[in-house]
Structure formats: C-alpha cells, structure tokens
Participant: 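Quick one: structure below, then a few questions.
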Amino acid sequence: MADVALKSIIEAALLAAGRPLSLADLENLFSEAERPPPEDFQRAFAELAEDCRRRPVELKQVASGYRLQVREAFSPWISRLFEERPGRYSRALLETLAIIAYRQPTTRGEIEDIRGVAVSTNIIRTLLERGWIQAVGHKEVPGRPALFGTTPEFLDYFNLKEIGDLPSLEALIDQLDQPSLDALQQPSQASSDADPQSSQQTP
Amino acid sequence: MADVALKSIIEAALLAAGRPLSLADLENLFSEAERPPPEDFQRAFAELAEDCRRRPVELKQVASGYRLQVREAFSPWISRLFEERPGRYSRALLETLAIIAYRQPTTRGEIEDIRGVAVSTNIIRTLLERGWIQAVGHKEVPGRPALFGTTPEFLDYFNLKEIGDLPSLEALIDQLDQPSLDALQQPSQASSDADPQSSQQTP
Amino acid sequence: MSGSQEAAQGADIVAVVRGSPVTDVPKDLYIPPDALKVFLEAFEGPLDLLLYLIRRQNLFIIEIPIADITRQYMAYIEMMGELQIELAAEYLLMAALLAEIKSRMLLPKPVEASDEEEDPRADLIRRLQEYERYKAAAEAIDALPRLERDVFEVSVDASAIEVKKIYPDVKLKEVLITFQEVLRRAERSSSHQIHREPLSVRERMAGILARLRGGILVPFSELFQRQEGRPGAVVSLLALLELGKERLIEILQDEPLGPLQIRAAGGADDG
C-alpha cells in the first residue's frame, strides 16, 4: 500500500464507481488493518483537487459524497456526445401545429374534434418546448382547458411577418381538388419555401 | 479552441461517455470547420497516454474504440466497491466461449463434438445475454443450426482490440505438447474449484 | 463469501464434501463414495476425464496406452454405476468407444493392409488433442485482464455539461400539406365546419388572451395599437367581439359610459 498513493486509489474509486462516494465508502476500500486515518483522506482530497486543476474534471463534494465531474467549460464539445438527433416530426404533430395556427386560440379538445383522433400530451409538450405554441388562457368550460396560440418564435421560424402571411383558409380549401400542392408555394409563402430556415436553424 | 488542448477534450469525452469512443465519435465532438486533422488526434492520444502514466487510469484501445480504464494494479481496492463480485464463469461456459472465439462461425453441434458433452441451452443464453456472442447466420445443413460468432462487446470486455489479439492457439498447443509442464499434471487443473485464478482474485 | 470458503481457498481444494474440503485427488482408485461424485462432477465430460488420466501419468496424448487408460476409465464408470450415481450418457458412450478401440488393437492385423490400416486410436487422439487445445484456450481467456474483475470502466458526472437540444427541421410547406389533409378529412366527414374567420383575427384573439394572462384587467383602449392604423384596429375589434362571443373574455364597465375594461373569463383566479 505504501507505494500506491492514497489520492490515486481515491481517484480510481471515484472514476470506477460512477456515483458519488462518501468518506465511509472510500474507507471501506481498505481492510481495517490498512485503513488510513481520516486526516490522510483529507490531505489526499486536497492533493487530488489540486491535480485536477490541470485536467478537464474537478473534484466536487455533493450531498452523498465526493465525485469527479466534467468541467462546464467543456460543454461545447461534450454536449455533442449527448445530443439526441430526433427524427422528423410526426404527421400528427404537424397537423396539430397547423390547427393551432389557423384556429387559435383553441383547445386540445377542439383539435381532437377536427382531427378526429386524440392528440397526445407528448405532441403538445413538444410544441410548447419548441416554443412554437403557448397557452394563452383557459376556456371557461368544465375542466377549464388551456387555450393554445402560436408564438412570435413560430412566425420567426417559418419566416412569416405575421400570421396573416399564412395562406388563407379559403385558398387552402379551394386547392383541395388539386392533386398537386405546388399551388401552395404562393408569393406569400415564397419566403418559407425558399427555405431560409436551413440557415436560420443553426443551433 | 486554441486554448483548450485536444487531449483534454478527448479525456473529458472519454470520462463523460462511460463507454469506448471511436475516432469518428471523437471527431464528431467538433463542427466540421473546427475539426482537427487525424494526425492531431493521434498526437493527442499519445499525450494523453503519457499523462496517464502517473495516474490510476490508462488509455486503452479496444474493439469499439478508445477508453480510459482503471489499471489492473488497483483492482484490490476497486473490486471492494462492488458488492457483487462478477460471477466467475464456469469451465463449461469458458470452453464454449473459447471454441466460438477461435472457431467462429461455429454451431452448437460443433462445440458439442469438440467438448464431447452436450452444451446446455443455459450457457448459450448467458453468452447471448452478456452480448459476447451473436448468431451470425445459419449453417445450410438439416435443421439449419445457428452459427455463432463473438461480438465487439466480447473483445471490449476482455480488453482486446481485435480477435487476433487472443492468445494464439499454436502457442497453446506448443505448451501442451510438453507433458512435463507442471501445470498440466496438477490434479487441481482438473477441477474448476481449484482454479488458480480464484485465489488470485481476492485482494 | 463465507469465512470457511475463504479459508479453504488457501489450499488447493478439489471439492468440498459435506463441508470438509478435499484437498487432493486420490492417487489410487479408491475414492470415498461421496467424493467420487464430486470428483466426477469436476470434469467437463469423458474427454476431460480421459485427459486427466493421461496427464496424471505424465504421458503424451499420442502415446495413449489404451489398455491401461481403458481399464482405469472403466473402473471409474463401474464404481459410479455401483453407487447408482446417474452418469451422463456421454460417459457410457466413451466407455463403449474405448472398449471398441481396445478390441480392435487386440485383433491380429490383416497382412495385406498393414501399412494402410489406421491406428484405431487415431481418431480418439485427434479429439483429445483438439479438446485439450480449447481447454487451454478457455484458461487463457479466463486469464485475460477483464472488465469488472481486473480493470474497470470509468465514468464521471456530466451534469455540468449543458446539452443543446437539436430539433428537427420543418418546412412550412409540410405544415400546410398536412393541414390540407386535415381539411380534406373534415370535408369528407362534413360534421366539422372549420370557421372561416380571417386568420389575423384568430391570431389577434390569441394575442389578446396572452396579454390577459394572470387575470389582470386591461383597459379596452390598450388593446389597440396606434401604429397599426385603421386595419389593425378593425382586426383587434373583431378579435374582441369574437372572444366575447366565445365567452373567452369579460368586458367590464363600472358605470354607464365609463371606460371599458377587459379580462380573461374566469376572473382573477386564472393562473
């Protein structure tokens, strides 16, 4: 034991455990006969914290003990490790978004009436998280359901100056008979279809 | 970026990921514009490996990429962290695994021919559950038995980069042809309970 | 791990029989009945047992003295039978094979085939060699430094790392196409009428409700923006009327001809 530094054993244990370790946990790495006294542990913690200054991790004391954690400064790179790249949005979500845009303020119940199927809580949450819709109030009916409307972020994302830039309901209904939707790429939406989103999108 | 060393970013990523990262994984921590060339990564790996020499971890390249791992020398303390000692594996399981590793792809029937006894379904299931073996196809004989091979997880677990890193069978045969080898005459050899590993394991 | 087991690990125990460790395999054939079962269970099968018998005599596999080995092997098998210990079929099969090899070796070789005739032991020797090779390979694998026992994967807390969420791209056209599909369905079922209020009125309705959040009272006049001009004022007015009609707002007036105040329906308790 003498030739292996206590701070190295502590570092090894914190790295291998993957959870915070209390002083007692660390003491239990040693048989009773070999267990260093508490002051040695304190000194080793100080040494380890000092070593970490040149490294991308830091020694933190949290409620349940000591742990090593990646420094926040490494977020720009490390966050990419954890990025989830979600697939495309479901059709149900896009329908819900469109109904909210055209029918705002509207409730989940009304959306369900129009779509003829239930709207999952997940869809509403995703749209709220994305910042495209907001609850603007409650409808005074039993249950007081939330009324949803679109946000300025919604307009920004789709490159609309105002909601009136969306094609009118009449225009959409008139085009129902046309099999092709090219007609939808009308001047008013030209901006959206020229897909400036892609440039706008950079995270 | 210039002020943060690549080796620190790699270290942070390997520590945060908790699994081996391939070179591609590490390259993806950077946007295309900022991505260092492969030779910089190679240099950073060398620097990191050098840094680790004074520390309880080592940089290891295994099948699925690079990983930092606690050095073997620390297992006497670290193994006490884990209540459950990882099960020692039975000889039957290890022999089955060895035959699959060295003869892959191979069928259960071939394993039974070599071992001279039936292979229990339990062993195959355990190996599959651990992710060490996988069915890689079927042999075109009556019954179309599954052909088994090892997985990258098997290599990762046994600290190997590729299957060629397994001890060579030829070397093993050469040893065996010397009947005077002490190890081979030991009665203990015949018994899994007296496996020398077992005593080695207790810190 | 119990204390007794730990203590026993020091010695080379072969088996534990009724609590007492057996530290050596008996040199001769006499094995206490209880130990015999444990002893045999320590083998992975007939090949393993044969290998043990051969190696115990410090012999090469290719020199296998078939008569001798067969005798020893049979003796074990018979003892097992006498003790009524159930034997795996493979052991009996091997006994039959050994007996056959032995008998073939005793037969006088036909003169004309003397050179061609394969040693009756050849096949068994090949199998023993192959099995021993994999037995050694298994031991080699077991000796490799392995995760969870010798080396340990590391991980550190990454909660300080801020994770950006990546969202899927959506084109307005996709939204409109799906909405058309909704309209098409609605038209078919025709039970749902989609009102044709101008969009800007609907949005203004939502905007006004957003301003009224928290149940605050807002003066009527503040809901009109001078810079929007006349069209804007019309939109706001229509929106207010529509909201009133749908009972989403309350329009209050303290006294006749006094200033109008607006608040969300449901009053001040509105979160």
Side-chain angles (χ1 to χ4, degrees), chain A residues 1 3-22 24-36 41 44 47-48 50-59 65-83 85 202-203, chain B residues 1-22 24-36 41 44 47-48 51-59 65-83 86 202-203:
Chain A
M1 156 71 221
D3 50 340
V4 179
L6 179 56
K7 73 165 181 192
S8 291
I9 296 174
I10 293 174
E11 182 183 352
L14 293 177
L15 288 172
R19 61 179 167 89
L21 295 178
S22 65
D25 289 332
L26 291 165
E27 285 176 333
N28 283 333
L29 301 179
F30 299 87
S31 66
E32 236 167 291
E34 288 175 329
R35 189 167 300 156
F41 277 98
E47 287 168 15
L48 183 55
E50 176 62 27
D51 280 3
C52 286
R53 289 180 53 181
R54 292 180 306 277
R55 291 172 40 206
V57 289
E58 57 192 328
L59 181 65
Y66 296 85
R67 78 173 175 211
L68 287 165
Q69 63 181 46
V70 180
R71 289 181 195 279
E72 200 183 340
F74 287 82
S75 289
W77 302 281
I78 305 310
S79 63
R80 285 179 214 243
L81 265 185
F82 304 111
E83 268 172 11
R85 289 176 192 276
T202 16
Chain B
M1 158 71 221
D3 50 340
V4 180
L6 179 55
K7 72 165 182 192
S8 292
I9 295 175
I10 294 173
E11 181 183 349
L14 294 177
L15 289 173
R19 61 179 166 90
L21 295 178
S22 66
D25 289 333
L26 291 165
E27 286 178 332
N28 282 332
L29 301 178
F30 298 87
S31 67
E32 238 168 288
E34 288 175 331
R35 188 167 302 156
F41 277 97
E47 288 168 15
L48 182 55
D51 280 5
C52 287
R53 288 180 52 182
R54 293 180 305 278
R55 291 173 42 205
V57 289
E58 60 189 330
L59 180 64
Y66 296 86
R67 83 173 168 219
L68 285 167
Q69 62 188 34
V70 175
R71 289 178 194 281
E72 218 175 325
F74 288 81
S75 67
W77 298 281
I78 304 310
S79 51
R80 293 197 192 161
L81 265 182
F82 305 102
E83 289 274 306
T202 8

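Just so it is clear: chains get the letters A, B, ... in the order the sequence lines come, proteins before strands, and each one is counted from 1. Values below: every heavy atom of this structure, side chains too, minus hydrogens, waters and symmetry copies.
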Participant: For chain B, find which of Q69(A), E83(A), K7(A), R80(A) contributes the most heavy-atom pairs closer than 4.5 angstrom.
Facilitator: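 The answer is R80(A).
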Participant: Roughly how far, to the nearest 0.5 Å, is the CG atom of L15(A) from the CG atom of L68(B)?
Facilitator: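 Interatomic distance, L68(B) CG to L15(A) CG, rounded to 0.5 Å: 8.0 Å.
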Participant: Under the side-chain contact (heavy atoms from CB on, under 4.5 Å) rule, collect the residues that match up with R35(A), sequence neighbours excluded.
Facilitator: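 With neighbours one apart ignored, the set is E27(A), N28(A), F30(A), E32(A).
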Participant: Might you point out which heavy atoms bring A13(A) and L81(B) nearest each other, and give the distance in Å?
Facilitator: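 It is O-CD1, 3.5 Å.
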Participant: Looking at F82(A) and A16(B), what are the two nearest heavy atoms and their distance?
Facilitator: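 Between these two residues, the closest heavy atoms are CZ-O, 3.9 Å.
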Participant: Would you call R54(A) and S8(B) a side-chain contact if the rule is heavy atoms closer than 4.5 Å?
Facilitator: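 Result no, sub-4.5 Å side-chain heavy-atom pair not found.
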Participant: Hey, could you give me the CH2/CG distance between W77(A) and L26(B), rounded to the nearest 0.5 Å?
Facilitator: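 So the gap between those two atoms works out to 13.5 Å.
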Participant: Checking S79(A) against chain B: side chain, backbone, both or neither under 4.5 Å from a heavy atom?
Facilitator: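 Contact with chain B involves no heavy atom of S79(A) at all.
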Participant: R55(B): what forms a side-chain hydrogen bond (donor to acceptor under 3.5 Å, both in side chains) with it, not counting sequence neighbours?
Facilitator: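 Only E11(A), E11(B) meet the side-chain hydrogen bond (donor to acceptor under 3.5 Å, both in side chains) criterion with R55(B).
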